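Below is one structure, written out as structure tokens; the observations come after it.
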Protein chains: 2
Amino acid sequence: MRRQDLGATLTPVPGERDLGLVDALAQLSFAIQAVLGRIAARHELSIVQARLLGILRDRRPTIKELAGFLQLDKSSVTGLVDRAQERGLVTRVASPVDGRSVQVAITATGRRLVSRATTDFATEIGALVADLGSPQQDQLSLLASAVVAADARRRGVELFDRCVDTSPI
Amino acid sequence: MRRQDLGATLTPVPGERDLGLVDALAQLSFAIQAVLGRIAARHELSIVQARLLGILRDRRPTIKELAGFLQLDKSSVTGLVDRAQERGLVTRVASPVDGRSVQVAITATGRRLVSRATTDFATEIGALVADLGSPQQDQLSLLASAVVAADARRRGVELFDRCVDTSPI
DNA sequence: TATTGTTATACTCTATAACTATA
DNA sequence: TATAGTTATAGAGTATAACAATA
């Protein structure tokens, strides 16, 4: 954990106006979603499809679990998985413990696709925050992680990590 | 500009894992979008409708300008404005300088609606980041503002501030 | 010719409600 | 009865392509 200049910390881009927390976070989320949407489209995926594949890279959640994490109705997840399955990106596996339940698993094709997409994600998000110095990027990462972790805890869902990350499996 | 503890700065929530910049920002954007979507729905708006009204609070952009800022195709903006206009939230005004162009303006009804929604936004975004200390919240605001400002500059669009903010006009 | 905006079309995404199958 | 998931339906949101009007 490196020491760093506090002034730089508090004024990441000198002369830049602070939009206020609400506006800044809202607009940041739009900027990130725009990047995600653009990259996903490049791989013929929607944001949600890409997110689904990212989650499935090392998990086999049920429809209900996916609905909880994605904050979607279960019927929406059914459709989402349907479309991904038609493209051969995921499969449904019968649950060994509950006859009502299915597990959603990624296919080799889906895995290849999401791997390519996540590489691009990382590049473009890097470009989005390129104006920040490295220490500020680290801080942003920590602050965002803390907010996300607290939110997952409050919502009572597992915090699926490495959903958009590029680290090798 | 207050002095503050650097340790706290670099470890916003002790014991919390850093998801990495890409994953953290992506998931933060999903969390924020979920909040925005929930609050917007409470006022019978979509996120994009709410965003449109937020932009229009003190501007009268053209369809083309809206498309640039919202990163949507112009035909999508036509539909967006159509639906808002049908509900009496916005109006189209002929441009005084270009016969091809229209200016989109918010109505009194739209203004009342967006004012109520933005109040709720601020409350819920505050709840989302409540686990951060006040200095960390300020840092997050600055970092997010810097990223958003740099992105707007690169995209060559005006940085519309106060789109989701609650400050009185 | 180029630009601004609309229309026609088709698709994804989403929720609600009703349904089936299993617990 | 309750739960997991699907289906039917309807609507918002989106892009592409073709179009009309104006510059």
Side-chain angles (χ1 to χ4, degrees), chain A residues 30 33-53 55 60-87 89-105 113 157, chain B residues 30 33-53 55 60-87 89-105 156-157:
Chain A
F30 292 132
Q33 293 281 308
V35 169
L36 294 179
R38 182 158 41 85
I39 305 304
R42 186 183 299 171
H43 297 274
E44 296 186 288
L45 292 170
S46 70
I47 290 182
V48 186
Q49 293 283 353
R51 202 178 171 198
L52 171 68
L53 296 183
I55 291 172
R60 280 166 73 167
T62 64
I63 297 285
K64 179 189 165 74
E65 285 167 347
L66 284 171
F69 187 72
L70 296 172
Q71 306 201 48
L72 296 174
D73 188 86
K74 55 187 180 174
S75 67
S76 301
V77 177
T78 292
L80 187 68
V81 172
D82 281 348
R83 291 186 292 273
Q85 192 164 13
E86 280 161 22
R87 291 179 57 185
L89 305 176
V90 308
T91 57
R92 284 175 166 90
V93 182
S95 167
V97 295
D98 188 333
R100 300 167 299 180
S101 199
V102 299
Q103 295 177 338
V104 183
L113 183 55
V157 300
Chain B
F30 292 131
Q33 294 281 308
V35 169
L36 294 179
R38 183 158 40 84
I39 305 306
R42 186 183 299 170
H43 297 274
E44 296 185 289
L45 292 170
S46 70
I47 290 181
V48 185
Q49 293 283 352
R51 202 179 171 198
L52 171 67
L53 296 183
I55 291 172
R60 281 166 71 166
T62 64
I63 297 285
K64 178 189 167 74
E65 285 167 347
L66 284 171
F69 187 72
L70 296 171
Q71 306 200 47
L72 296 174
D73 188 86
K74 56 189 179 172
S75 67
S76 302
V77 177
T78 292
L80 186 69
V81 171
D82 281 349
R83 291 185 292 274
Q85 191 165 13
E86 279 161 22
R87 290 178 56 185
L89 304 176
V90 308
T91 57
R92 282 176 166 90
V93 182
S95 166
V97 295
D98 188 334
R100 298 169 300 180
S101 200
V102 299
Q103 293 177 339
V104 183
V157 299

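Quick caveat, the model's predicted, so the values are computed rather than measured. The sequence lines fix the lettering, A, B, ..., with proteins before strands; numbering per chain opens at 1. Computation of the quantities below employed the complete heavy-atom set of this structure, encompassing side-chain atoms and omitting hydrogens, waters and symmetry-equivalent molecules.
Atoms CD (B:Glu65) and C1' (C:dT3) sit 14 Å apart, rounded to a whole Å. One interatomic measurement links the two molecules: CG of B:Leu72 to C1' of C:dG5, which rounds to 15 Å at whole-angstrom precision. As rounded to whole Å, 14 Å separates atom P of C:dC11 from atom CD of A:Glu44. Remark: P of C:dC11 and CD of A:Gln49 are 15 Å apart, rounded to the nearest angstrom. Separating the CG atom of B:Leu66 from the P atom of C:dT4 is a distance of 13 Å, rounded to the nearest angstrom. Rounded to whole Å, atom P of D:dG11 lies 18 Å from atom CG of B:Leu80. The CD-C1' distance, from A:Gln33 to D:dT14, rounds to 15 Å in whole Å. Spacing between atom CG of A:Leu45 and atom P of C:dC11 amounts to 18 Å, rounded to whole angstrom units.
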For this session: Apply side chain to side chain contact (heavy atoms under 4.5 Å, CB included) to A:Val102 and A:Val93, showing your working.
Result: CA-CA 6 Å; A:Val102 299; A:Val93 182; over 6 Å; no
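Residue contacts for A:Val102: at a heavy-atom cut-off of 4.0 Å it reaches the sugar-phosphate backbone alone, with no base atom in range. Contact annotation for A:Ser101: backbone-only contact, meaning every heavy-atom pair under 4.0 Å involves sugar-phosphate atoms and none involves a base. Within 4.0 Å of B:Ser95, counting heavy atoms only, lies no atom of the nucleic acid at all.
Put simply, the side chain of B:Pro96 reaches to within 4.5 Å of the side chain of B:Gln103, judged on heavy atoms. Side-chain contact between B:Val35 and B:Ile39: present, with at least one pair of heavy atoms (C-beta onward) separated by less than 4.5 Å.
Among D:dA4, D:dT6, C:dT7, the nucleotide with an atom closest to any side-chain atom of B:Asp82 is C:dT7. Looking at the side chain of A:Ile63, the nearest of the listed nucleotides C:dA15, D:dA15, D:dT6 is D:dT6. For A:Val48, taking side-chain heavy atoms from C-beta onward, the closest of the listed nucleotides C:dT14, D:dA8, D:dA15 is C:dT14. Residue B:Asp73 has its side chain nearest to D:dT16 when only C:dT12, D:dT16, D:dA12 are considered. Comparing D:dG5, C:dG5, C:dA15 by their nearest atom to the side chain of A:Lys74 picks out D:dG5. Closest contact between the side chain of B:Arg100 and the listed nucleotides D:dT7, D:dA21, D:dA15 involves D:dA21. Closest approach to the A:Lys64 side chain among D:dT16, D:dA4, D:dT7 is made by D:dA4 (side chain taken as heavy atoms from C-beta onward).
Here the side chain of B:Thr78 pairs a donor or acceptor atom with the backbone of B:Lys74 at under 3.5 angstrom. A donor-acceptor pair under 3.5 Å links the side-chain atoms of A:Glu65 to the main chain of A:Thr62, judged by distance alone.
Remark on DNA chain D: of its neighbouring residues A:Asp98 and A:Gly79, the 5'-side contact belongs to A:Asp98, judged by nearest-heavy-atom nucleotide. Heavy-atom distances to DNA chain C give each of A:Val97 and B:Arg92 a nearest nucleotide, and the one nearer the 5′ end belongs to B:Arg92.
A salt bridge links A:Arg92 with A:Asp82: the closest approach of a Lys/Arg side-chain nitrogen to an acidic carboxylate oxygen falls below 4.0 angstrom.
No N or O donor and acceptor, one from the side chain of A:Ser75 and one from the base of C:dT14, sit under 3.5 Å apart. Contact of B:Thr78 with C:dT7 (side chain to base): no donor-acceptor pair of N or O atoms is detected under 3.5 Å.
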